[in-house]
Structure formats: structure tokens, C-alpha cells
*Asks:* 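Once you've had a glance at the structure underneath, I'll fire off some questions.
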Amino acid sequence: MQSVAQEQPLALAAVKSHYSTNGKEEEVKTDADSMEEEAEFNWEEYMEETGAIAAPHTTFKHVEISLQSSFQPGMKLEVANKSSPDSYWVATIITTCGQLLLLRFSGYGDDRKADFWCDVMTAELHPVGWCTQNNKTLMPPEAIKEKYSDWTEYLVQDLTGSRTAPANLLEGPLRGKNTVDLVVEGSLLELQDVSGPSLYWPVRVIQNVGGRLRLRYAGLSDDHQAQDTWLFYLDVRLRPLGWALENRLALEPPTGLRTLKSAAAWQEVLQDARLDGQKSSLPLEVFKDHVDLPEHSFNTGMKLEMVSQWQQLQICPVSVTKVYNEIYFQVTLDDLSVDTKPRFVVCHANSLGILPVQWCLKNGVGLERPPGYEGQDFDWADYLKQSGTEAAPDACFPDTWQNRGFAKDMWLEAVNPHQREEVCVAQITQVRGRLLWLRLEGVAKPLSECIVDVESMDIFPVGWCEANAYTLTPPFKPVCQKQKKIAVVQPEKQLAPSPPPETTPVNLCQPVAVDPANGRYCCSKIFVNHRCFSGPYLNKGRIAELPQAVGPGKCTLVLKELLSMLINAAYKPGRVLKELQDLEDPSWDCHEETLKAKYKGKTYRSTIRIVRLADQIPDFCRKVCVKLQCCPNLFSPVLVTDKCPENCSVQTKTKYTYYYGKKRKLSKPMGGEEAAEGDLAKPARRRKKRKAIFVQKKRRSSAVDFTPAGSPQDSEEDEEMALQSGSEGTSSEPREDHTDASSVDVTSSRPRRAATLRRAFSTTGSQETPECRRRSTRSLSAYSNKYQPPKGQDMQMEEEEEEEGQLVLDRNPLEWSVDEVVQFINSTDCASLANIFQEQDIDGQALLLLTLPTVQECMDLKLGPAIKLCHQIERVKVAFYRQYAN
């Protein structure tokens with residue numbers, strides 16, 4: 001087994017090498033002949049790239065059964081009465097959904113009107129008989145109390161022949177668990193020996209992976225892991241502890257293990273296993289889905305075909321050589337050679353891989369000739385005549401034509417028969433009747449192909465390993481000739497406290513030097529400084545979930561990993577990908593990498609230029625930050641340990657959107673307040689409102705993350721149009737509009753719909769009051785490079801604006817009723833829309849959640865009225881933040 005483990009694919013070895021390193025940084029070097037290092041295998045991406053089709057989940061019968069609840073329809077239990085909590089009544093389980101049960105009180109018959117759902121984990125449920133044991137009252141619900149005069153007699157009739165819900169599923173550690181989860185590690189079962197149907201021996205559950213059990217024979221230690229067996233919990237060879245004794249069967253260790261201990265030692269092991277089983281017995285519900293094997297019709301000497309268990313991809317003639325009883329029989333491989341050791345297997349009527357004579361001929365599959373058979377072509381008629389035997393009738397076999405919906409080129413996950421602890425990505429290459437030919441990806445040829453039955457419990461649907469947190473062997477990747485490094489960064493080392501700023505006030509940022517031995521193409525860590533401003537494109541919450549550093553390693557690999565993380569952390573990944581596509585500098589020594597962005601079920605790809613030299617990384621990182629309009633230190637080779645040198649924590653997003661992101665525009669001279677008094681105030685009104693709200697939020701709590709303009713609220717259609725334009729699009733470049741207002745207010749990376757909204761503001765601006773225009777002018781001047789006030793003065797100016805002419809609320813809008821919302825709308829210039837608020841039952845909380853897209857879609861309003869209404873809602877929001885946010 002050790003030699004097999006050494007030969008396992010590199011994909012598994014790479015996964016194991018990433019395990020805990022006790023808080024230390026670890027570098028894993030791979031050989032020059034190794035595969036290209038790849039991120040964790042993702043089925044969705046793989047199927048999208050290759051056009052693969054997954055086998056339907058419903059075709060895996062054993063997996064479907066394993067997901068079912070331990071509770072069965074028809075079970076009885078006692079439930080507390082809602083109308084009278086101190087009394088209980090008998091209820092029947094109608095159906096289940098996970099840990100939810102649909103119940104119906106006894107006495108309602110087929111009437112479904114009083115059915116109710118309850119959660120097993122929270123509801124007060126008890127097995128039948130609990131009330132009697134605990135002196136509790138059994139009382140029918142009030143609605144049916146008069147239906148029967150003698151409820152005691154009714155209950156006796158109703159409960160006769162019924163099954164109560166097991167007590168251990170209603171209370172204790174197993175409460176509410178699915179059947180597959182009842183098999184916990186350390187549980188004991190009995191396993192039938194492959195050499196004989198009447199031999200059993202206890203096995204202990206070492207691991208339970210979604211019902212697939214790793215079993216170890218009682219008496220063996222960790223030194224004998226090579227003897228471990230993997231079986232699905234529904235396998236008919238598994239029985240509850242004590243089953244062999246009840247059925248007068250022998251309890252003996254497997255033949256290959258008997259020499260490890262003396263007979264007395266094995267008996268002692270058996271006694272210990274029985275005592276352990278009594279202390280923590282496995283619930284019998286585990287075996288409720290085990291099928292009862294039917295009786296077979298085979299007789300000694302009958303011939304049949306069988307998928308070989310000894311040779312790969314072979315179907316061979318076999319003979320029934322022994323009939324144990326009406327359930328089990330033995331088949332032996334036909335071998336006409338001299339002095340050959342017989343190879344046999346124990347079968348039953350439902351055994352997988354046994355086929356009637358002529359099955360291969362009818363399905364166009366080659367049948368292997370028996371060793372020692374004389375003659376060029378094997379013919380069943382001649383063979384039966386020469387041997388004087390008969391073919392097993394077709395009635396002896398299960399449905400040999402049932403394919404259960406599998407088809408060629410479907411994908412699934414399958415156990416590697418040569419290394420059963422390994423589960424691989426697999427493709428169906430051929431379907432014949434109930435047999436599937438599989439090609440196991442990630443397994444070296446010629447061991448990569450095998451034949452399985454459609455009823456096999458060694459095949460699983462796509463995503464099964466991921467759902468059960470088990471390693472899946474991915475497909476091989478092209479060989480990379482260059483030596484690479486995988487950097488494993490552990491947070492314990494990164495989060496070490498830095499020197500106090502008081503002692504080293506100048507060294508607020510600690511650069512990490514590049515190891516000269518790594519060469520000019522390798523870099524040290526690139527840090528993600530979570531406290532820095534994330535800009536309009538990146539989601540602050542997703543940024544916070546990123547690791548604190550990437551690297552060290554080869555520059556292109558580290559930067560590719562960093563950019564992939566940033567794309568995935570964006571509100572709209574495709575937009576960030578589009579921005580990065582235009583990133584270039586003539587002085588850079590670049591390498592092109594293809595990056596992907598997924599959004600709304602669609603995948604976008606673009607070629608990004610990434611620097612190759614370590615000394616160009618600081619400039620590259622800074623320009624990426626400029627492109628994404630975030631703090632230049634958000635990701636940088638410099639670790640910000642205390643306070644960002646850019647002082648981004650006290651800046652509004654306006655600074656980064658315009659100063660860093662659009663510096664060329666700000667060099668354009670503004671006309672001042674006098675020039676902005678008229679037309680400029682109108683298009684700037686939306687920007688003013690956003691900043692005013694932001695200032696109030698900032699003053700209340702600096703920890704709040706705000707939805708950036710132009711990110712999550714942009715229309716999906718415009719996003720797709722911008723992305724599909726590819727490299728021809730110019731949305732990432734500043735637009736040279738002819739008016740000063742446009743140069744200030746139009747953000748070039750926004751979609752067309754945002755520009756449409758601003759034009760709508762211009763057309764409706766004439767209806768605004770002088771106070772609005774005056775405040776808009778002040779906000780506009782705050783953006784101007786020429787009239788930029790000092791930081792403290794800027795904040796003070798905005799606060800003065802809020803105090804001048806703002807809405808004052810007498811009551812917290814979160815507590816407004818629907819009528820109060822309607823009353824407020826009636827007091828505005830949107831009174832004609834008040835009936836919509838009444839019809840939609842919009843209270844204060846719902847009012848504060850309304851946005852322009854929501855108003856347009858849900859209220860079916862045109863753009864103009866919707867903007868006017870949103871202006872009134874914004875007034876309420878501003879007043880709420882100013883008066884009640886604390």
C-alpha cells in the first residue's frame with residue numbers, strides 16, 4: 001500500500017502539502033517534470049470550458065437515499081398542543097423536508113387543512129408513550145374535540161400496527177440527523193467476508209464521507225491501514241452488530257488476517273467489540289434502507305457472463321460452482337489451462353456485473369475467451385455443447401437493459417478501483433445496457449479505464465466530493481517545464497504586532513525586502529491592506545475576507561493570483577476585468593495572462609499585461625489601484641501597520657474617484673462658484689446628495705461600508721454591453737465632454753444608464769428650489785481643484801449645508817406606519833403617488849430601502865417621476881442619518 005501511495009497523482013500530493021504548518025511560512029517545490037500548479041478544481045468552470053454535461057443527480061439512487069430523512073411518513077409521535085401547551089396529542093408524519101416534518105393530528109383523517117410544519121431541532125416532539133411515562137395529559141385539539149366520544153378507543157385503533165418515531169432521533173446527540181449522519185466515527189458494524197457468505201467479523205468506522213465508510217477490522221491498529229475497506233453504508237455486506245449471532249452465523253476474522261493474532265487473542269478482540277457496541281449502539285434506522293436480497297434461481301454448472309474482477313475491461317465466461325443457499329451462490333472464472341488456481345467470487349441475485357449468456361454479442365461488446373480455449377472464435381453454442389452445460393436463463397438476472405438515464409460523454413465522480421480511497425473526475429465513454437465504461441481523469445494509463453454497473457455505489461454525481469469536503473482527483477494538466485514555487489501563507493505570521501507608532505513614528509509602513517537569491521523575476525509578499533479605502537469597484541466585505549498577503553514567489557504567478565482575488569472581490573467582476581485590460585505602461589517588461597470574470601452566470605475573459613520584474617511591482621500595484629479608484633496602498637509591497645500615509649480613512653470616496661482615478665480631468669480649470677451658479681448646479685445635484693449622505697454617515701460611524709455609486713446598482717444590460725465591447729470599448733478612458741459640468745460629474749467608467757440619469761437631473765433641475773441649487777453649488781465647488789478647501793474645512797462646510805434647509809423629522813422613520821408614509825408623500829410634490837404606497841403596504845423601514853431601480857421596476861414609474869420621488873426619499877434618509885443614526 002505504501003508503494004501505491006507514493007504513486008498517487010501530484011494533485012493529491014499538492015493538496016496534502018498545504019496542511020497546517022504551525023503558523024510558519026512554507027514553500028513547496030515541485031520537480032521540473034511536475035504538472036502545472038492549478039487552483040482548486042472547480043466543476044462549474046471545468047464544465048463551462050469543456051462543454052461537459054453532468055450525469056443527472058437522480059441517476060445515483062444510493063446518493064438520493066442517503067439524503068433522505070431518518071423519519072418516515074406514517075411514523076407516529078406526540079406533539080404539544082398549540083392551544084394548550086400543557087397537553088399533548090398524537091400526530092402522524094405526512095412528509096419530510098430535511099429536518100422539517102409535516103404533521104397531522106390523529107382524528108383529522110384525510111383532512112389536510114390543519115397540517116402543520118415543525119422543526120425537529122426546536123419543536124417539542126416525543127415518541128408515543130412519553131406522556132404516559134411522564135404523567136402528561138393527552139388531549140385532542142379543540143377543533144376536533146367533539147368528533148369522537150371515546151378518544152381512548154380511537155387511539156388504540158389508530159396506533160395498532162403503526163410505528164413510533166425513535167426516541168433517539170427526537171432527543172440527544174442524534175436528534176434530527178439524516179440516516180447517513182447516524183453512522184458516526186467509532187461505530188461498530190459486522191462485515192461479511194468476501195470468501196464466504198456465512199463468515200462475519202466486526203469492523204469499526206474510521207471515516208464517514210457522505211455515507212461512504214472507511215472501515216477497519218476489529219483488532220487491527222493504525223499500522224494496518226492498508227487493510228482498511230471502503231464501502232457505502234447501504235452495501236448488503238454490512239450488518240448491525242450482533243446480526244451474525246442472531247442468525248447463527250460464524251464470527252471469524254478474515255482468512256488473510258488470522259495469522260496476525262492467536263485464536264485466543266481474536267476472541268478477546270471480539271468480546272471487546274461487543275462491549276463497545278453495547279455502550280454506543282448504532283441506531284437500527286441506519287439499516288432501514290437496506291434491501292432484502294431476493295432468492296436466486298441458479299444451479300450448479302450453469303454458465304453466464306461476468307465483468308471480470310481480476311482483469312481490467314474484460315467480460316469473461318464464468319460458471320456456477322457452488323450454491324450456498326437460496327440467497328448466495330459461487331461463480332468461478334472459466335479457465336481451461338492446466339494447473340491453474342481457481343478464482344471465484346460469492347454472488348447473489350442482485351450482484352453487479354453478472355450477465356446472461358450472449359449479452360456481449362447482443363450489445364456489441366467483445367467477450368474474452370477462457371484461458372486455454374482452443375479455437376479462433378469463441379462461440380457459446382459450441383462451448384456449451386463441448387462442456388455439456390447449460391446457460392443460466394435470462395429470468396435469473398436483474399434488468400440487464402436498464403441504463404437509468406446515463407449516456408455517453410456524461411461526467412461524474414467515481415472511485416478508483418485500484419486505489420479505493422481515491423475519488424476521481426470521470427467521463428462515460430460508452431454505455432451498453434446497464435454497464436458503463438468510464439475514463440478516470442487524473443489517473444495514469446492504462447489504469448484509467450474501468451467498467452461499472454449503473455447500480456454501483458462507487459459512482460457519484462458531480463459535486464459530491466465538494467459537498468462532503470473530500471478530495472477529488474482532478475484531470476491532468478499540461479506539463480510545465482519550469483520549476484515553480486507554491487507559496488503557503490499562514491495568517492499567524494502575518495498578523496504579528498508591529499512596533500508601536502510612538503517609538504517609530506516615521507516608519508508607519510514596513511517594506512519587506514526581496515531576497516536577492518530569488519532573482520529579479522521573483523518578488524516578496526504583496527500585502528492587502530484591508531483598512532484602506534476600497535473604491536467604487538471593490539466590495540469592502542469581500543476585501544476583508546482576502547488573505548493579508550500573497551507570495552513570495554514568481555512575479556507573474558503572485559500578481560496573477562492577486563488580480564484574480566481582486567476580480568472576485570468586485571461588485572461586478574467583469575467591470576474590473578475591463579478596467580485591468582486597459583492597464584499598460586511602455587516602460588514595463590510585461591507577460592500576458594488570461595484572466596476570467598464570472599457575473600450573472602456568464603463568464604468573461606480578457607488578456608491582462610502583468611509585469612515580470614520585481615522592481616516594477618510597486619509601480620504596477622499603484623497603477624492598478626489608480627485604475628480601480630481605490631487607495632494606492634490597498635494592495636502594495638508595503639504593509640500598512642497603523643495609519644495609511646494617504647490618510648484614506650478620513651477621505652471621502654470623491655477624492656479617490658477624481659484625484660487618483662481622473663487626475664487629468666482636474667487639471668481642467670473650473671469656472672468657480674459664479675460659473676456654477678446656473679446650469680452647473682443641476683447635473684451636480686445627484687453627486688451633492690451622495691456626498692452629503694456620506695458625510696453624515698462618516699460623522700456617525702467610521703466603520704460603515706457604503707454602496708459605491710455605479711457598482712451594484714448599475715443595470716445588468718449596460719454591464720454586459722461594456723464587457724462585450726472587448727478591447728474596442730473606451731469606457732475605461734476619460735470622456736472629453738464639452739461642458740465643465742460633465743467633466744466634474746460624469747464618471748467615465750459608469751454605464752450609459754448612469755449618464756441617462758444625470759441628463760434626467762438636468763431636465764428636471766428647473767423644478768428645484770433655490771436652496772437646493774445653492775447647496776449643489778457648494779458641493780460642486782468642493783470637488784474643484786482650484787477651490788478645494790482644507791480637510792477640516794471641507795467637513796465643516798458639508799455639515800453647514802446639512803443644517804441649512806434640511807427636512808426635520810418629529811419621529812424616527814423606522815417606526816413609521818404605512819399611513820404615516822402616505823401622509824409624508826402627500827405633503828410633497830409626489831402626492832399623486834401616495835396611493836401606490838398604500839397599495840404596496842410600504843412602511844417606514846421599506847421606505848428607507850427604496851432605490852431608483854426598485855422604484856422604477858416595482859412601481860412602474862417613468863424616469864422623471866421616479867427621480868422626483870427618490871429625491872423625497874433621499875431627504876428622509878438624510879434626516880434619518882442626521883437625527884437617528886446613533
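Here the structure is a predicted model, which is why all the values come from computation and not from measurement. The analysis underlying the following values was restricted to heavy atoms, covering all of them including side chains, and did not include hydrogens, waters or symmetry mates.
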*Asks:* Would you mind telling me which of Val611, Leu634, Val638, Ile526 makes a side chain to side chain contact (heavy atoms under 4.5 Å, CB included) with Cys621?
*Replies:* Ile526
*Asks:* Is there a side-chain contact between Gln856 and Leu863 (heavy atoms, below 4.5 Å)?
*Replies:* yes
*Asks:* When rounded to the nearest 0.5 angstrom, what distance separates CG in Asn633 from SG in Cys625?
*Replies:* 7.5 Å
*Asks:* Once ring-ring contact (aromatic ring centres under 6.0 Å, His included) is applied, what residue pairs with a partner in residues 542-570 remain, sequence neighbours excluded?
*Replies:* none
*Asks:* Rounded to the nearest 0.5 Å, how far apart are CD1 of Ile867 and SG of Cys870?
*Replies:* 8.0 Å
*Asks:* Quick one, Glu49 with Lys596, criterion salt bridge (charged side-chain N to carboxylate O under 4.0 Å, His left out). Give me CA distance, side-chain angles, the key distance, then yes/no.
*Replies:* CA-CA 11 Å; Glu49 292 173 0; Lys596 294 190 305 181; 2.7 Å; yes
*Asks:* With Ile617 as reference, evaluate Ser524, Cys523, Ser636 under the side chain to side chain contact (heavy atoms under 4.5 Å, CB included) test and give the passing residue.
*Replies:* Cys523
*Asks:* Could you grab the distance from atom OG of Ser448 to atom CG of Asn416, nearest 0.5 Å is fine?
*Replies:* 9.5 Å
*Asks:* Given salt bridge (charged side-chain N to carboxylate O under 4.0 Å, His left out), test Glu545 with Arg542 step by step and report yes or no.
*Replies:* CA-CA 5 Å; Glu545 296 174 357; Arg542 295 176 190 166; over 6 Å; no
*Asks:* On the 0 to 90° scale, with breaks at 30° and 60°, tag the Trp464-Phe460 ring pair as parallel, tilted or perpendicular.
*Replies:* parallel
*Asks:* Flag the pair Asn42 / Glu466 as yes when at least one side-chain heavy-atom distance between them is below 4.5 Å, and no otherwise.
*Replies:* no
*Asks:* Let me know which of Val576, Thr607, Ile567 forms a side chain to side chain contact (heavy atoms under 4.5 Å, CB included) with Leu595.
*Replies:* Ile567
*Asks:* Check Ala614 against Cys522 and note the closest heavy-atom contact, atom names and distance.
*Replies:* CB-O, 3.3 Å
*Asks:* Scan side-chain atoms only and decide if Gln427 and Asp409 contain a donor-acceptor pair under the 3.5 Å cut-off.
*Replies:* yes
*Asks:* Report yes if the side chains of Lys540 and Ser534 come closer than 4.5 Å at any heavy-atom pair, otherwise no.
*Replies:* yes
*Asks:* Would you say the side-chain atoms of Glu422 and Thr473 include a donor-acceptor pair closer than 3.5 Å?
*Replies:* yes
*Asks:* State, yes or no, whether a side-chain contact exists between Phe635 and Leu628 at a heavy-atom distance under 4.5 Å.
*Replies:* yes
*Asks:* Where do Ser587 and Gln616 come nearest, in terms of heavy atoms and distance?
*Replies:* O-NE2, 3.3 Å
*Asks:* Has Thr50 got a side-chain atom pairing as donor or acceptor with Tyr46's backbone, closer than 3.5 angstrom?
*Replies:* yes
*Asks:* If you count every heavy atom of other residues, nucleotides or ligands that lies below 6.0 Å from Leu613 atom CG, does the total exceed 12?
*Replies:* yes
*Asks:* Can you confirm whether more than 12 heavy atoms, excluding those of Glu593, are under 6.0 Å from its CD atom?
*Replies:* yes
*Asks:* Carefully, step by step, assess Cys532 and Cys630 under the rule side chain to side chain contact (heavy atoms under 4.5 Å, CB included).
*Replies:* CA-CA 8 Å; Cys532 291; Cys630 57; over 6 Å; no
*Asks:* Kindly indicate whether the side chain of Ile608, heavy atoms from C-beta on, has any atom under 4.5 Å from the side chain of Leu583.
*Replies:* no
*Asks:* Please check if the side chain of His530 supplies one atom and the backbone of Leu546 the other of a donor-acceptor pair under 3.5 Å.
*Replies:* yes
*Asks:* Do the non-hydrogen side-chain atoms of Leu412 and Leu438 ever get within less than 4.5 Å of each other?
*Replies:* yes
*Asks:* Which pair of heavy atoms, one from Leu848 and one from Lys877, lies closest together, and at what distance?
*Replies:* O-CE, 3.0 Å
*Asks:* State the OG1-CD distance between Thr556 and Glu561, to the nearest 0.5 angstrom.
*Replies:* 12.0 Å
*Asks:* Is the shortest side-chain heavy-atom distance between Val550 and Phe527 below 4.5 Å?
*Replies:* no
*Asks:* Drop me the distance from Leu538's CG to Leu566's CG, to the nearest 0.5 angstrom.
*Replies:* 6.0 Å
*Asks:* How close do Glu413 and Cys465 get, counting heavy atoms only, and between which atoms?
*Replies:* OE1-N, 3.0 Å
*Asks:* So which atom in Trp43 and which in Leu472 form the shortest heavy-atom distance, rounded to 0.1 Å?
*Replies:* NE1-CD2, 3.4 Å
*Asks:* For the residue pair Gly442 and Phe476, what are the closest heavy atoms and their distance?
*Replies:* O-CZ, 3.3 Å
*Asks:* Measure the CZ-SG distance between Phe620 and Cys590 for me, rounded to the nearest 0.5 Å.
*Replies:* 7.5 Å
*Asks:* Is the Tyr537 to Tyr571 ring centre distance short of 6.0 Å?
*Replies:* no
*Asks:* Can you tell if the side chain of His591 reaches within under 4.5 Å of the side chain of Arg609, non-hydrogen atoms only?
*Replies:* no
